[in-house]
J.: 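First the structure, which I've put down as structure tokens, then a few questions once you've had a look.
What you see below is based on every heavy atom in this structure, not just the backbone, and it leaves out hydrogens, waters and symmetry mates.
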Amino acid sequence: MKFEHLIEINDPLNPLIDTLSLEQVWRGLVLRAESPKLFVPHLDECQISERSDDGFARSLRYGELVINDTVQLLAQLQVRYTVPAQKDISASSLVMTVEMPDEASLWVRFQYDDGHDAATDAANAMYDDLRRAAYKESDIDTVRIMRELAAEGRLDVGLLN
């Protein structure tokens with residue numbers, strides 16, 4: 001299943017939503033990668049290891065299930081999650097890309113790829129529709145939480161790790 005969608009962060013035609021800066025959005029996306037428990041309530045634990053200049057490896061624990069993945073950061077542009085095949089989990093990826101079509105607009109593009117071929121996708125069509133809906137809701141929650149953190153000043157430079 002390949003799936004992508006956009007979430008508008010700043011709408012210059014809607015004065016009712018708070019405008020977020022590129023830096024706040026970037027810090028929010030990085031915080032989601034480094035502290036996912038803030039964004040994923042059913043996550044039990046996240047351990048980060050093997051840090052480099054452009055990312056890190058981590059282990060996520062959901063009860064008995066442990067998922068190892070890597071996170072690559074392309075500063076103020078993209079966060080790429082890569083899950084290698086492991087036990088009963090197939091290889092997959094999620095890419096979050098910040099898009100600024102003009103100075104007043106700001107979007108985040110979410111791109112999912114579960115690594116399955118077209119035949120598997122066809123067999124899983126009903127389940128994939130449910131997954132798409134769940135992914136979209138999760139991404140909307142991510143942006144909602146980023147807005148809350150920004151309103152609290154928690155995405156300001158001095159308050160981050």
J.: Under 3.5 Å, is there a donor-acceptor pair between the S92 and D114 side chains?
T.: no

J.: Between L77 and M96, is there a shared hydrophobic cluster once you connect ILVMFWY residues whose side-chain heavy atoms come closer than 4.5 Å?
T.: no

J.: Can you see which heavy atom on K37 is nearest to which on D44, and at what distance?
T.: NZ-O, 3.1 Å

J.: Could you go step by step and tell me if Q24 and L149 meet the side chain to side chain contact (heavy atoms under 4.5 Å, CB included) rule?
T.: CA-CA 9 Å; Q24 287 173 311; L149 293 170; over 6 Å; no

J.: Under a plain distance cut-off of 3.5 Å, with no hydrogens placed, do R32 and Y81 share a side-chain donor-acceptor pair?
T.: yes

J.: Measuring from atom CD of E8 to atom CG of L13, what distance do you get when rounded to the nearest 0.5 angstrom?
T.: 8.0 Å

J.: Salt bridge check: are E148 and R144 linked by an N-O gap of less than 4.0 Å?
T.: yes

J.: Any salt bridge linking D139 with K136? Criterion: basic side-chain nitrogen under 4.0 Å from a carboxylate oxygen.
T.: no

J.: Using the rule that Ile, Leu, Val, Met, Phe, Trp and Tyr join whenever any side-chain heavy atoms are under 4.5 Å apart, tell me whether I17 and M146 fall into a single cluster.
T.: no

J.: If you compare all heavy atoms of V66 against all heavy atoms of Q86, which two are closest, and at what distance to 0.1 Å?
T.: O-OE1, 4.0 Å

J.: With distance as the sole criterion, is a donor-acceptor pair present between the side chains of Q78 and T97 under 3.5 Å?
T.: yes

J.: Would you say the side chain of R131 lies within less than 4.5 Å of the side chain of M1, judging by non-hydrogen atoms?
T.: yes

J.: Output the distance between atom CD1 (I145) and atom CD1 (I140), rounded to the nearest 0.5 Å.
T.: 12.0 Å

J.: V98 and side-chain contact (heavy atoms from CB on, under 4.5 Å): which single residue from L74, V79, L106, I9 fits?
T.: L106

J.: Between W107 and Y135, is there a shared hydrophobic cluster once you connect ILVMFWY residues whose side-chain heavy atoms come closer than 4.5 Å?
T.: no

J.: Scan residues 58-78 for pairs that pass ring-ring contact (aromatic ring centres under 6.0 Å, His included), counting only residues two or more places apart or in two chains.
T.: H42-Y62

J.: Do S105 side-chain atoms and P101 backbone N/O form a donor-acceptor pair below 3.5 Å?
T.: no

J.: Nearest heavy-atom pair of G63 and R61: which atoms, and what distance?
T.: O-CG, 3.1 Å

J.: Between the side chains of D18 and R147, is the shortest nitrogen-to-carboxylate-oxygen separation below 4.0 Å, so that they form an ion pair?
T.: no

J.: So how far is it from H5 NE2 to R132 CZ, rounded to the nearest 0.5 Å?
T.: 11.5 Å

J.: Considering only heavy atoms from C-beta outward, does the side chain of L94 approach that of F3 to under 4.5 Å?
T.: no

J.: By the definition side-chain contact (heavy atoms from CB on, under 4.5 Å), identify the one residue from V95, L73, V71 that meets it with R80.
T.: V95

J.: Enter the distance from Q47:CD to E45:CD here, rounded to the nearest 0.5 Å.
T.: 4.0 Å

J.: Any link between L20 and L6 through a network of hydrophobic side chains (Ile, Leu, Val, Met, Phe, Trp, Tyr) touching at under 4.5 Å?
T.: no

J.: Decide yes or no for S59 and S49: does some side-chain heavy atom of the first lie under 4.5 Å from some side-chain heavy atom of the second?
T.: no

J.: What pair of heavy atoms forms the shortest contact from E103 to M100, and how long is it?
T.: O-CE, 4.1 Å

J.: Are R58 and P36 packed together at the side-chain level, in the sense that at least one heavy-atom pair is separated by less than 4.5 angstrom?
T.: yes

J.: Taking all heavy atoms of D102 and all of A104, pick out the closest pair and write down the distance.
T.: OD1-N, 2.9 Å

J.: So, are E34 and R51 salt-bridged, with charged N and O less than 4.0 Å apart?
T.: yes

J.: Let me check something: do I67 and Y112 share a hydrophobic cluster, defined by ILVMFWY side-chain heavy atoms less than 4.5 Å apart, either directly or through other members?
T.: yes

J.: Looking at P41 and F39, what are the two nearest heavy atoms and their distance?
T.: CD-O, 3.6 Å

J.: For the CG atom of L22 and the CD atom of Q76, what is their distance to the nearest 0.5 Å?
T.: 4.5 Å

J.: Taking side-chain hydrogen bond (donor to acceptor under 3.5 Å, both in side chains) as the test, write out the residues that go with N10, two or more places apart.
T.: none

J.: Considering only heavy atoms from C-beta outward, does the side chain of L60 approach that of D69 to under 4.5 Å?
T.: yes

